[in-house]
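Residue numbers start at 1 and run along the sequence shown. The figures here come from the full heavy-atom set of this structure, side chains too, leaving out hydrogens, waters and symmetry mates.
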Amino acid sequence: MKCPHCGNYIESTLFKALEPYDSSKTVITNVDYVLEVGNRIRAIIEEKKSNCKIIRGYQLITLRKIARSLGVPLYVMYTKNGVELYEFPTNERVKTSPFVSFQDREPILSGSISDLGSFLNEKYLQAPLKEKIKRR
């Protein structure tokens, strides 16, 4: 099956299963992270390991729909050189162009993995630090 935007072939079990059918109006998107705390989903997070701060338009549309329907924030995280975290407003319209750029957006967090952990803990977990286990 081909990506409707870039024309590249996409291989996955789900795409292979739908190959014999006319699925031209079907979009299949994976979600990298669903942050669930207690028994509540608290955030949807998409991770991109790239310096190019872009995301496929159709993927962002689907992720936005998921986050909006759950009433949770949608974060897009770039992790090539450290961590840059962007919150994408779930009420913002997305163009169906092949890519959406985050180059002109301000990250809500720019730092290390530890900084990301502190941010998520402060915002969602409110958990104490684990005590280090002493080895004998």
Side-chain angles (χ1 to χ4, degrees):
M1 187 175 283
K2 283 186 176 182
C3 169
H5 301 285
C6 68
N8 291 333
Y9 284 95
I10 303 169
E11 295 296 325
S12 74
T13 303
L14 196 51
F15 278 107
K16 288 177 184 176
L18 296 176
E19 196 171 35
Y21 306 98
D22 179 14
S23 57
S24 59
K25 294 184 180 183
T26 302
V27 175
I28 298 171
T29 301
N30 71 331
V31 177
D32 287 338
Y33 306 109
V34 176
L35 181 63
E36 183 176 0
V37 180
N39 60 355
R40 287 192 56 217
I41 293 175
R42 302 298 305 267
I44 302 296
I45 305 169
E46 178 64 22
E47 181 177 7
K48 298 293 181 190
K49 296 176 178 160
S50 171
N51 284 333
C52 300
K53 293 184 181 70
I54 57 173
I55 183 171
R56 294 191 184 281
Y58 71 88
Q59 184 179 27
L60 187 59
I61 290 169
T62 303
L63 292 169
R64 180 185 63 100
K65 287 178 182 178
I66 293 167
R68 186 174 59 203
S69 69
L70 293 171
V72 299
L74 169 60
Y75 297 111
V76 179
M77 178 172 55
Y78 294 93
T79 58
K80 187 71 173 179
N81 296 318
V83 175
E84 284 192 3
L85 187 68
Y86 297 83
E87 184 170 358
F88 189 82
T90 58
N91 60 352
E92 185 175 320
R93 304 278 298 164
V94 179
K95 294 181 181 180
T96 57
S97 61
F99 294 99
V100 175
S101 175
F102 280 77
Q103 294 284 27
D104 297 332
R105 295 178 184 261
E106 279 297 313
I108 60 169
L109 176 108
S110 184
S112 66
I113 291 175
S114 296
D115 295 330
L116 176 63
S118 296
F119 170 80
L120 294 173
N121 184 54
E122 184 179 306
K123 188 151 179 99
Y124 299 109
L125 305 177
Q126 290 90 36
L129 287 171
K130 292 181 184 177
E131 291 182 4
K132 293 184 180 181
I133 299 170
K134 294 181 182 178
R135 299 192 184 246
R136 294 180 191 196

Can you check side-chain contact (heavy atoms from CB on, under 4.5 Å) on Val94 and Phe88, steps first, answer last?
CA-CA 10 Å; Val94 179; Phe88 189 82; 3.6 Å; yes

Can Leu18 and Ile28 be said to form a side-chain contact (heavy atoms from CB on, under 4.5 Å), step by step?
CA-CA 10 Å; Leu18 296 176; Ile28 298 171; 3.6 Å; yes

Could you give me the CA-CA distance, side-chain angles and deciding distance for Met77 and Asp32, then say whether side-chain contact (heavy atoms from CB on, under 4.5 Å) is met?
CA-CA 10 Å; Met77 178 172 55; Asp32 287 338; over 6 Å; no

In sequence, state the C-alpha distance, the side-chain angles, and the governing distance for Leu63 and Val76, and then conclude on side-chain contact (heavy atoms from CB on, under 4.5 Å).
CA-CA 10 Å; Leu63 292 169; Val76 179; 5.9 Å; no

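Among pairs with a residue in residues 38-48, those fulfilling side-chain hydrogen bond (donor to acceptor under 3.5 Å, both in side chains) read Tyr33-Glu47, Glu46-Lys48, Glu46-Gln59, Glu47-Thr79, Lys48-Gln59, at least two apart in sequence or across chains.
Checking side-chain atoms of Asn121 against main-chain N and O of Ser118 turns up no donor-acceptor pair under 3.5 Å.
Here the CG atom belonging to Leu85 is positioned 10.0 Å from the OG atom belonging to Ser110, to the nearest 0.5 angstrom. From Ile55, atom CD1 reaches atom OH of Tyr86 across 12.5 Å, with rounding to the nearest 0.5 Å. Distance NZ/Lys95 to CG/Leu60: 13.0 Å, rounded to 0.5 Å. In this structure, CD in Glu92 is found 10.0 Å from OG1 in Thr90, a value given to the nearest 0.5 Å. Here Gln126 contributes atom CD and Leu120 contributes atom CG; the two are 11.0 Å apart, rounded to the nearest 0.5 Å. Note that CG of Leu116 is 7.0 Å distant from CD1 of Ile45, once rounded to the nearest 0.5 Å.
Note: the hydrophobic cluster containing Leu74 does not contain Val37 (ILVMFWY, side chain heavy atoms under 4.5 Å, direct or indirect links). Hydrophobic cluster membership is shared by Ile66 and Val34, with clusters built from Ile, Leu, Val, Met, Phe, Trp and Tyr side chains linked at under 4.5 angstrom. Taken together through direct or relayed side-chain contacts under 4.5 Å among Ile, Leu, Val, Met, Phe, Trp and Tyr, Leu35 and Val83 form part of one hydrophobic cluster. Both Leu125 and Leu109 are assigned to one and the same hydrophobic cluster, defined by single-linkage of ILVMFWY side chains at heavy-atom distances under 4.5 Å. No continuous path of ILVMFWY side-chain contacts below 4.5 Å connects Phe99 to Tyr78, so the two sit in separate hydrophobic clusters.
Ionic pairing of Lys123 and Glu87 is not present here: no N-O contact between side-chain nitrogen and carboxylate oxygen is shorter than 4.0 angstrom.
In this structure, Arg56 fails the cation-pi test against Tyr58, since its NZ or CZ atom is not both closer than 6.0 Å to the six-membered ring centre and inside 45 degrees of the ring normal.
Within 6.0 Å of CD on Gln103 lie more than 12 heavy atoms contributed by other residues, nucleotides or ligands. Residue-environment remark: NZ (Lys53) exceeds the threshold of 12 foreign heavy atoms within 6.0 Å.
Taking each heavy atom of Ser101 and Arg105 in turn, the nearest pair found is O-NE, 4.0 Å. Nearest approach of Ala17 to Tyr21, heavy atoms of both residues: O-CE1, 3.7 Å. Across all their heavy atoms, Ala43 and Tyr75 have their closest contact at CB-CE1, 3.8 Å.
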